[in-house]
2 protein chains.
Amino acid sequence: MNLDSETKAVELPDDHGTELRLWLRLLTCTTLIEGEVRSRLREKFDVTLPRFDLMAQLDKVSDGMTLSDLSKRMMVSNGNVTGLVERLVESGHLDRRTSETDRRVQFIRLTKLGRAEFRKMATEHEKWIADVFGDLSPKDIRELMRLLAKAKGSAQRSAKARSA
Amino acid sequence: MNLDSETKAVELPDDHGTELRLWLRLLTCTTLIEGEVRSRLREKFDVTLPRFDLMAQLDKVSDGMTLSDLSKRMMVSNGNVTGLVERLVESGHLDRRTSETDRRVQFIRLTKLGRAEFRKMATEHEKWIADVFGDLSPKDIRELMRLLAKAKGSAQRSAKARSA
DNA sequence: GCCAATTGCTTGAAGTTTAAAGAAATTGCA
DNA sequence: TGCAATTTCTTTAAACTTCAAGCAATTGGC
């Protein structure tokens, strides 16, 4: 009887505990910060996080974006974006225009109102985030950025391998 | 005229850009992994992520947990947990029992079926996560753990300061 | 013991989210 | 050209989520 291999098999049926703990910690951090941002957005601006996120994507460009672009960037489903855009057009923050060369395509832009309101929120938002990470040194931040970039690459590789 | 202070004021109206980029990267990582886990859970086990998360909390304990405990640990609202538990009791995965000493309190446990199914899923889940972080060295993982712990502490401090 | 405050949970409304199916338009290829 | 794939977007159903209001039970002064 091979005691070594027996013991190993029982105690280390592949030790993936550290990765799991890492994932849970990552998730906890994100959930915590997301909840905080959500609360503050509601409290100070009476706006939901998804709407803020959508406007943030649109604020980056001047000439509009299609629904598909939005759903890819926000990493949510197409149908989801349809509904969000609908409500934001309704409230006067967004402007939708059908493409002249491809009638399936809708270009979405921030209205003047939408951009003005977003800019106000974004300024505050940036301060909140700075405060949230206030205990981290510049070096900590650089290191986190680097490691998260590596993690992102790894996760993309893993996701791609599955769907292939 | 003081050129220095002028320039500074224009170019650095508080530079919080790095923190914001860090937050977006953190969020992207989490969203990416979460989406991957969600897909695989649905695909292989036909279960939703929230249900898996809830069962994961209950699997840690043998003698059950109250709804409040669950909502605190999962960092979601009370009403949310009520609905989730309801559906999982319905499907035979959970068991609810009213406390004898405090009739407001409900103790929730995994049924035999629930625990068996969860264990199967958890084994697979752990492998997925190990693969997701597969490109990271043990040292990378240790560093990420450390920095995320620091970030979590910082975020908690920030959240607490606001609500105070 | 009384009763205001607190705690545990549920409910209802509004919104977000996904997955899946489908409609409309365009593209590419034989 | 013809028409099968593809792309873009919408729709639908079910589930998830939050917030706020509310109910019932318990607790902590007094």
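Letters go in sequence order (proteins before strands), and every chain restarts at 1. Predicted model only: the values in this text are computed from it and were never measured.
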Worked check of side chain to side chain donor-acceptor pair (under 3.5 Å) between Thr66(B) and Ser68(B): CA-CA 5 Å; Thr66(B) 68; Ser68(B) 293; 4.6 Å; no

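The distance between atom CG of Asn80(B) and atom C1' of dT16(C), rounded to the nearest whole Å, is 12 Å. Rounded to an integer number of Å, the gap from CD of Gln106(B) to C1' of dC9(C) is 8 Å. In this structure, Leu67(B) places its CG atom 15 Å from P of dT17(D), rounding to the nearest Å. Distance Leu54(B) CG to dC16(D) C1': 12 Å, rounded to the nearest Å. Atom CZ in Arg51(A) sits about 19 Å away from atom P in dT17(D), given to the nearest Å. Note: CZ (Arg97(A)) to P (dC9(D)) measures 13 Å, nearest angstrom. Atom-to-atom, CD of Glu43(B) to P of dT18(C) comes out at 16 Å; the value is rounded to the nearest Å. Arg40(A) places its CZ atom 18 Å from the P atom of dT18(D), with the value rounded to the nearest Å.
Note on Leu84(A): only backbone sugar-phosphate atoms sit closer than 4.0 angstrom, heavy atoms only; bases stay farther off. Nucleic acid contact class of Ser68(A) (heavy atoms, under 4.0 Å, all strands): sugar-phosphate only. Among the protein residues, Thr48(A) comes within range of the sugar-phosphate backbone only, with heavy atoms under 4.0 Å from sugar or phosphate atoms but none that close to a base. Thr101(B) comes within 4.0 angstrom of sugar-phosphate atoms only, judged by non-hydrogen atoms across all strands, and of no base.
Rounded to the nearest 0.5 Å, atoms CG (Leu67(A)) and CD (Gln106(A)) are 6.0 Å apart.
Scanning atom types as modelled, no donor and acceptor separated by under 3.5 angstrom connect the side chain of Arg104(A) and the base of dT26(C).
Along DNA chain D, the nucleotide nearest Thr82(A) and the nucleotide nearest Arg38(A) are compared for position; the residue whose nucleotide lies closer to the 5' end is Thr82(A). Nearer to the 5' terminus of DNA chain D, by closest-nucleotide assignment, is the contact made by Lys72(A) (compared with the other of Gly35(A) and Lys72(A)). The residue among Arg87(A) and Arg42(B) whose nearest nucleotide of DNA chain C is located toward the 5' end is Arg87(A). Taking the nucleotide of DNA chain C with the nearest heavy atom to each of Asn78(B) and Leu49(A), the more 5' of the two is matched to Asn78(B).
In this structure, Phe52(A) has its ring center closer than 6.0 angstrom to the ring center of Phe118(A).
Listed nucleotides: dT26(D), dC9(C), dT26(C). Nearest to the side chain of Arg103(A): dT26(C). Out of dC9(D), dC19(D), dT16(C), the shortest distance to the side chain of Pro50(A) is found at dT16(C).
Without hydrogens or angle criteria, Arg25(A) side chain to Met145(B) main chain gives a donor-acceptor distance under 3.5 Å. Between the side chain of Thr30(B) and the main chain of Leu26(B), a donor-acceptor pair closer than 3.5 Å is present.
Considering only side-chain N and O atoms, Arg96(B) lies nowhere under 4.0 angstrom from the phosphate OP1 or OP2 of dG8(C).
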